[in-house]
Number of protein chains: 2
Amino acid sequence: MVASKRARRSNAKRITIADVARTAGASVATVSRVLNGVDTVDPVLAERVRLAIGDLGYRPSAAAQGLARGRSGTIGVLVPDLANPYFSDVIKSVSAVARTAGSRVLVMDSDEDPEIERELTEDLLRYADGLLLCSPRMPRAHLAALAGRGTPMLVTNRQVTGLALHSLTVDFFQGVMAVCGHLARLGHRRVVYLAGPEHAWANAERLRALSGAEAFGLQVATVACGFTADDGYAAASAALDSGATAVVAYNDFVALGVLARFHEMGVDVPGDISLTGFDGIDMARFSDPPLTTVAVPRDRLGRAAGEALARIMSGDEEGEPGAIPVELHVRASTGAPRGSGGTPS
Amino acid sequence: MVASKRARRSNAKRITIADVARTAGASVATVSRVLNGVDTVDPVLAERVRLAIGDLGYRPSAAAQGLARGRSGTIGVLVPDLANPYFSDVIKSVSAVARTAGSRVLVMDSDEDPEIERELTEDLLRYADGLLLCSPRMPRAHLAALAGRGTPMLVTNRQVTGLALHSLTVDFFQGVMAVCGHLARLGHRRVVYLAGPEHAWANAERLRALSGAEAFGLQVATVACGFTADDGYAAASAALDSGATAVVAYNDFVALGVLARFHEMGVDVPGDISLTGFDGIDMARFSDPPLTTVAVPRDRLGRAAGEALARIMSGDEEGEPGAIPVELHVRASTGAPRGSGGTPS
DNA sequence: TTGAAAGCGCTAACAA
DNA sequence: TTGTTAGCGCTTTCAA
């Protein structure tokens with residue numbers, strides 16, 4: 001029962017390109033050519049090689065290929081929370097783009113922790129040809145250090161200025177502006193914002209837009225909240241107490257949490273108070289009432305990110321990726337405020 | 001402006017272990033030892049090496065390490081849909097386990113397509129030391145072929161018998177039994193099941209349980225549906241027409257879709273009809289009414305999967321992983337049927 | 001405790 | 001069109 005040194009894991013030692021070459025009666029170079037679609041191979045020989053590959057069930061080792069080629073064919077993606085559909089949607093879409101380009105995606109989840117984020121990024125660098133950092137929470141200094149490493153890199157959902165770092169953003173500003181405009185048109189004068197993570201660029205942009213809205217006469221109160229349904233649930237009564245006639249939630253989860261609490265409290269939406277979400281997750285359509293929200297085209301964001309990163313990796317430095325536009329979806333959770341004469345436009 | 005052959009990507013050529021050795025005045029073997037925590041290195045030398053590593057910002061190439069060691073330190077995970085929180089939760093948890101074991105997770109998403117699933121699995125084999133197939137939809141023959149490849153492998157959410165394939169399942173059977181028992185106790189005699197993907201083991205198990213419940217006098221109608229909220233929304237009126245007093249949805253998404261449609265139709269839940277979900281996603285708590293559902297401990301599933309796979313990879317073949325238990329969460333979406341005398345137990 | 005050197009499986013010159 | 005062979009960056013004997 002003593003396994004030989006190299007048969008520890010399974011009794012069949014790994015099938016290599018040499019095995020294929022031997023059984024096909026060709027050289028490893030030829031096998032490699034066939035593998036890589038180089039067309040200077042005699043069709044007959046090529047067919048023999050392909051047959052051998054099939055018979056032996058040979059698959060090239062990714063490690064060996066990566067070492068020899070100098071690139072791994074992998075792009076690393078870092079997200080703060082994989083369980084958030086916002087990010088999983090983006091990843092799906094990035095993966096799809098990567099796949100058509102012949103590469104794979106290595107995903108890591110930082111659990112919203114800036115320190116873990118740094119570690120994971122270091123690790124990703126060892127594996128990947130390029131990095132996609134989604135909504136990175138890490139301090140600017142770390143980002144700067146990474147930027148100096150020479151690895152092609154793209155940051156999304158965060159604007160980083162003054163660093164040699166490409167970034168692809170979402171136009172949160174316009175999104176919140178659209179929400180505010182919509183509410184103002186309905187007759188609202190006082191709204192309360194349930195704020196998201198303090199250090200998130202996404203939150204900062206929303207706040208910036210709310211300030212802008214104040215210039216147009218909208219009064220905005222802010223209540224610290226968070227980004228989960230639980231956070232929204234917990235902040236609901238505080239939002240109500242603010243005296244505002246509309247709640248602008250950081251995202252759809254928060255809004256759904258608020259809605260659940262309002263139901264419990266017997267607060268009618270939008271009769272007693274209006275409510276808006278952000279992101280446009282699927283569930284926002286299925287709540288009662290359906291949520292007015294700002295749809296972020298996550299598939300488009302993912303695709304754009306994948307393509308931009310590919311461009312960066314290929315050394316094409318022209319043009320910043322830019323910002324992804326968003327779209328207001330008006331649904332039944334917003335209406336005219338009480339006593340406004342009730343003339344929704 | 002003509003870049004030299006090896007400086008195409010960035011002007012700094014990759015820092016290798018040789019660079020570290022040189023600047024530390026040691027051999028590559030010694031650097032490797034320090035890197036791998038081999039303690040037969042003189043502390044002073046080791047420190048010098050560590051310094052050099054820090055100064056140079058050296059990170060070992062994953063490809064080279066993988067090639068030399070014969071393993072990549074990566075485990076491949078295949079899921080049918082990354083956007084489904086069920087799977088993203090599992091992945092989060094698997095990743096966490098993998099991380100403590102010093103490995104990373106390569107995730108691929110098959111988009112519920114058995115053919116893509118096969119391709120991706122082939123590809124994962126080239127990268128990973130072990131494979132985790134979540135709810136694979138691929139035909140048994142493919143699974144059998146994979147099982148013969150010698151790569152350590154674990155299948156979750158699908159029972160595969162007669163093959164040298166370990167599987168870790170969730171006790172869907174007991175879950176649905178618990179739901180049926182709960183409904184029966186409330187006085188329901190006729191329920192309608194909104195079925196999930198036809199070829200999914202998860203669906204088959206639910207059907208098996210429903211048959212079991214029929215033996216106890218519950219009448220069960222089945223309506224083909226799907227696994228998304230949209231599917232549920234579309235199937236809602238058919239469910240209503242079945243004449244059942246309770247709807248057993250394939251999962252929470254379907255249930256939430258049904259709920260939304262019922263709201264629109266003015267059907268009261270649970271007054272007019274009861275409704276249950278499955279999986280216990282977060283949102284199930286925040287609907288109106290909150291959903292009675294079966295909570296599947298996805299973190300536990302992920303952890304168990306990660307650990308079981310680790311065991312399999314280390315050659316420890318003892319014991320099948322087994323089945324993860326589930327838990328019925330009774331909430332407000334279920335009640336006594338109309339005219340039953342109204343005595344909820 | 002250290003270092004030299006032989007691989008690991010593949011790619012890509014370079015020769016033939 | 002084909003084959004030989006020198007790397008790719010690291011680990012790991014084996015000697016010293």
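We name chains A, B, ... by the order of the sequence lines, and we start the count at 1 in each one.
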Each base of DNA chain D marked ( ) or [ ] if paired in-strand (Watson-Crick or G-U under 3.5 Å), | if paired to another strand and . if unpaired gives ||||||||||||||||
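Within the 3.5 Å criterion, the main-chain N or O of A:Trp201 finds no donor-acceptor partner in the side chain of A:Arg158. Remark: the backbone N or O of A:Ser110 is not paired with any side-chain donor or acceptor of A:Asp113 at under 3.5 angstrom. The main-chain N or O of B:Glu119 is never found under 3.5 Å from a side-chain atom of B:Asp123 such that the two would form a donor-acceptor pair. Judged by distance alone, with hydrogens and angles left aside, the side-chain atoms of B:Arg104 form no donor-acceptor pair with the main-chain N or O of B:Ser72 at under 3.5 Å. When atom types are taken as modelled, the side chain of A:Arg137 and the backbone of A:Ala200 share no donor-acceptor pair closer than 3.5 angstrom.
The distance from atom CZ of B:Arg59 to atom P of D:dC10 is 12 Å, rounded to the nearest whole Å. Spacing between atom CD1 of B:Ile15 and atom C1' of D:dG9 amounts to 13 Å, rounded to whole angstrom units. The CZ atom of A:Arg71 sits 11 Å away from the C1' atom of C:dT11 (whole-angstrom rounding). Taking atom OH of B:Tyr127 as the reference point, atom C1' of C:dC10 lies 13 Å away to the nearest angstrom. In this structure, CG of B:Leu45 is placed 8 Å from C1' of C:dT2, rounded to the nearest angstrom. What separates CD1 of A:Ile17 from C1' of D:dG3 is a distance of 13 Å, to the nearest Å.
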Checking B:Arg71 against B:Met313 for the side-chain contact (heavy atoms from CB on, under 4.5 Å) test, could you report, in this order, the C-alpha distance in whole Å, the side-chain angles of both residues, the deciding distance, and whether it holds? CA-CA 11 Å; B:Arg71 52 198 174 66; B:Met313 289 200 280; over 6 Å; no
**Worked check of side-chain contact (heavy atoms from CB on, under 4.5 Å) between A:Val20 and A:Leu35** = CA-CA 11 Å; A:Val20 177; A:Leu35 237 35; over 6 Å; no
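Taking every side-chain heavy atom of A:Ala64 into account, C:dG9 is the closest of C:dG9, D:dG9, C:dT2. Out of C:dT2, C:dT11, C:dG9, the shortest distance to the side chain of B:Leu67 is found at C:dG9. Counting only heavy atoms from C-beta on, A:Arg14 has its side chain closest to C:dG9 among D:dT11, D:dC10, C:dG9.
Phosphate proximity of C:dG9 to A:Gln65: absent, as no side-chain N or O sits under 4.0 Å from OP1 or OP2.
When each of A:Asp109, A:Val107, A:Leu82 is tested with B:Ile91 by the rule side-chain contact (heavy atoms from CB on, under 4.5 Å), just one qualifies, namely A:Leu82.
Contacts with DNA chain C (heavy atom under 4.0 Å) in residues 20-42 of chain A: A:Ala29, A:Ser32, A:Arg33, A:Asn36, listed by number.
Salt-bridge annotation for A:Asp89 and A:Lys92: absent, with no side-chain N of the basic residue lying under 4.0 Å from a carboxylate O of the acidic one.
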